[in-house]
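Structure first, commentary second.
The shown structure was predicted, so the numbers you read here are calculated from the model rather than taken from an experiment.
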Amino acid sequence: MGHLNLPASKRNPRQWKLLDIITAIFFGLVLLFFLLVFTPLGDSMAASGRQALLLSTSDPRQRHRLVSLVELGHHHKPIEACPANSVDHMPCEDPRRNSQLSREMNLYRERHCPLPDEMPLCLIPPPPGYKIPVQWPESLHKIWHSNMPHNKIADRKGHQGWMKEQGPHFIFPGGGTMFPDGAAPYIEKLGQYIPLTGGTLRTALDMGCGVASFGGSLLSEGILALSFAPRDSHKAQIQFALERGIPAFVLMLGTRRLPFPAFAFDFIHCSRCLIPFTAYNATYFIEVDRLLRPGGYLVISGPPVQWPKQDKEWADLQAVARALCYELIAVDGNTVIWKKPDGDSCLPNQNEFGLESCDESNDPSNAWYFKLRRCVTSTSSVNGEYPVGIIPKWPDRLTRAPSRALVMKNGIDLFRADTRRWTRRVAYYKNTLNLKLGSPAVRNVMDMNAFFGGFAAALVSDPVWVMNVVPARKPLTLGVIYDRGLIGVYHDWCEPFSTYPRTYDFIHVAGIESLIKLPGSSKGRCNLVDLMVEMDRMLRPEGTVVIRDSPEVIDKVARIAHAVRWTATINDKEPESHGREKILVATKTFWKLTSSH
């Protein structure tokens, strides 16, 4: 039987609809082909395609190939720029990634790093209108608005004296939530109860610091405060602190120990930091106690101290301090000041929190991805004389070999030799290599492989502060650095660092290859290309990098330096130094995104 021909109006409408769709797709593809081949749209889409390919995490093999080409010097173009929306990117504090994690104990606001193969291999660009930062000490009071055009804090906290927009600058009146009239009167009040002058106190920790005006104000007293806050709704508060030239670090007190050794800080401060010190059986108070030097001072301002409707929280806070035998120095309005006992705490005792001393298997200075312990660190667990009042005053403590140096065999002799070596090397850096150390162009300095802090100690008369980084897989010498009156953190350089882009003027590293190798092995855990891309992320435009290593490593570093857009020279080491070292000195070029990105 033949097909029945119906009039067009009687045909199945669904058949026509499907045919229309197929025809439209065909003609659409033809049109797209002509657009891509014969118009500028093709060029721009190809460029964005290359960028997408560069940023793709789906093919680790392609990434590995690019890394190998860069290391061998066969990648003749610079590594490409990241997209414009990545100007403030911190790989391990990425809200898009971390927001999917648990809120319990603020886990989602701690460090969570992508795997190396998941990270784009590209260079973070500066924001539009970026200028070379205002120099220290003027930067303490004003910075360029265009370097971080984030008005959220100024809008929300301007009435509390945090910061204000004024012409092309943000200005910092020096206020804070608990001291809207400025940090100076508040510090003067604390000085009635705490020896803030005279060198008794040197290292301080400011928790939940805002834009770090408190830490900035302590510098004139000779107190070196490391300020920290998480990446949170107050956008870029740590970025503002570092742009001002104040020591600061992105960090959250959550499920892990903070990356500092035991008994590091002479003075710990919380001004409305909102840390629930007594929650989880006082776990957070116990962590603060681990970090506070015996004989040191703890200051908490704001809730829950004599705060409306927080009577129970205030009573619990006092109960924890009593259980640890802290001496109550003063309660002044909404501020409480305690002094930690010089010797061992009075545990074991009957207390409602079930506090007990840690056993001897617990190393209290092990603090890299180390889960918080609900036990109290005893002073006898750390060898040496380090209580406040017994340790030498600042600046004498800088050059006095602390007993914690014995973490290394022949540690006291090593310490003295290290101090002499870095005094000699820094003089060579300044006088022969003509580095900008000591000039207003350099304020924020990082030593990526600090050991005993000898490099930082040799810069003590310069207008700088140094972030001393002790690699987490090397001997735990960070306690020595704090005993000297310097500051720093533990870190593993196979991961990105917890800072914003463009926050350091000068980065120094001796033995760069040792940072990526397994201890005692020639096998690499990660690669130099990723490490130097991360160094570039942290470094300000026109900033300086100094790398010391063997000639073979320095040659490799020089090839990678070209790929990350640094201008580099290779120099001989000091004539007095032994070994085969060469010194690479590089400057980060001030490049900007082109309109095609």
Side-chain angles (χ1 to χ4, degrees), residues 136-137 140 174 176 178-179 182-207 209 212-227 245-247 260-271 288-289 291-301 326-332 335-343 379 384-404 419 453 456-466 468 479-488:
W136 180 265
L140 185 61
M178 294 304 296
F179 40 91
Y186 175 72
I187 289 171
E188 191 176 324
K189 177 175 85 168
L190 296 183
Q192 298 171 25
Y193 310 108
I194 299 175
L196 292 178
T197 58
T200 300
L201 304 182
R202 168 63 180 172
T203 57
L205 184 67
D206 188 17
M207 305 185 291
C209 61
S213 289
F214 179 74
S217 298
L218 285 175
L219 290 168
S220 61
E221 307 289 351
I223 294 176
L224 189 57
L226 180 54
S227 302
I246 301 171
F260 311 115
F263 312 147
F265 299 99
D266 309 336
F267 168 32
I268 296 182
H269 176 257
C270 150
S271 172
V288 169
D289 177 76
L291 299 176
L292 185 59
R293 193 177 291 276
Y297 294 87
L298 172 62
V299 176
I300 299 175
S301 289
Y326 278 44
E327 178 189 353
L328 179 62
I329 301 295
V331 179
D332 188 333
T335 299
V336 61
I337 301 168
W338 280 294
K339 188 174 190 288
K340 181 174 174 175
D342 288 349
T379 53
E385 295 182 343
Y386 39 79
V388 170
I390 295 176
I391 196 167
K393 289 185 177 183
W394 177 261
D396 292 346
R397 66 194 271 186
L398 180 71
T399 50
R400 194 85 58 89
S403 50
R404 277 205 264 197
T419 300
L459 298 176
V460 69
S461 60
D462 293 344
V464 303
W465 68 274
V466 181
N468 292 284
V480 175
I481 289 168
Y482 277 94
D483 287 351
R484 299 186 82 161
L486 304 172
I487 55 175

Note to self: Within the structure provided, determine whether I300 and W338 are in side-chain contact (heavy-atom separation under 4.5 Å).
What the structure shows: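 Answer yes - side chains close enough.
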
Check: Below 4.5 Å, heavy atoms only, C-beta onward: do I391 and R202 meet side chain to side chain?
Finding: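 No, their side chains stay 4.5 Å or more apart.
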
Spacing of [atom1] belonging to [X] relative to [atom2] belonging to [Y], to within rounding of 0.5 Å:
X	Y	atom1	atom2	answer
L398	T419	CG	OG1	7.5 Å
D266	Y386	CG	OH	13.5 Å
I246	W136	CD1	CH2	6.0 Å
D206	L218	CG	CG	8.0 Å
L298	I329	CG	CD1	11.0 Å
F214	S271	CZ	OG	8.0 Å

Which heavy atom in [X] sits nearest to a heavy atom in [Y], and how many Å separate them?
X	Y	answer
R397	D483	NE-O, 3.0 Å
P261	A264	O-CB, 3.6 Å
A183	S217	CB-OG, 3.4 Å
P392	R400	CG-NH1, 3.7 Å
G215	S227	CA-OG, 4.2 Å
I223	A204	CG2-CB, 3.9 Å

Margin query: Is it true that T379 and R293 share a donor-acceptor pair across their side chains at a distance under 3.5 Å?
Written below: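 Judged by distance alone, the side chains do not pair up.
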
Checklist line | Under the side chain to side chain donor-acceptor pair (under 3.5 Å) test, residues paired with W465 that sit two or more places apart | finding: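 Partners of W465 under the side chain to side chain donor-acceptor pair (under 3.5 Å) test: N444.
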
Item checked: Ring centroid separation F267 to Y297 under 6.0 Å ->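 Between F267 and Y297, the centre distance exceeds or equals 6.0 Å.
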
Notebook entry, point to check: W394 and L201: side chain to side chain contact (heavy atoms under 4.5 Å, CB included), yes or no, with the steps?
Noted result: CA-CA 8 Å; W394 177 261; L201 304 182; over 6 Å; no

Item checked: All salt bridge (Lys or Arg N to Asp or Glu O under 4.0 Å) counterparts of D342, not counting sequence neighbours ->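 Expected list: K339.
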
Does [X] reach the main-chain N or O of [Y] with its side chain, forming a donor-acceptor pair under 3.5 Å?
X	Y	value
N468	G453	no
Y482	G488	yes
K340	L292	yes

For residues 184-200, which side-chain N or O atoms pair as donor and acceptor with protein atoms under 3.5 Å away, sequence neighbours left out?
{"from": "Y186", "atom 1": "OH", "to": "H269", "atom 2": "NE2", "distance (Å)": "2.8"}
{"from": "Y186", "atom 1": "OH", "to": "S301", "atom 2": "OG", "distance (Å)": "2.6"}
{"from": "Y193", "atom 1": "OH", "to": "D332", "atom 2": "OD2", "distance (Å)": "2.8"}

Notebook entry, point to check: Among L224, L205, V466, which residue meets the side-chain contact (heavy atoms from CB on, under 4.5 Å) test with I487?
Noted result: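 Filter result, single survivor: L224.
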
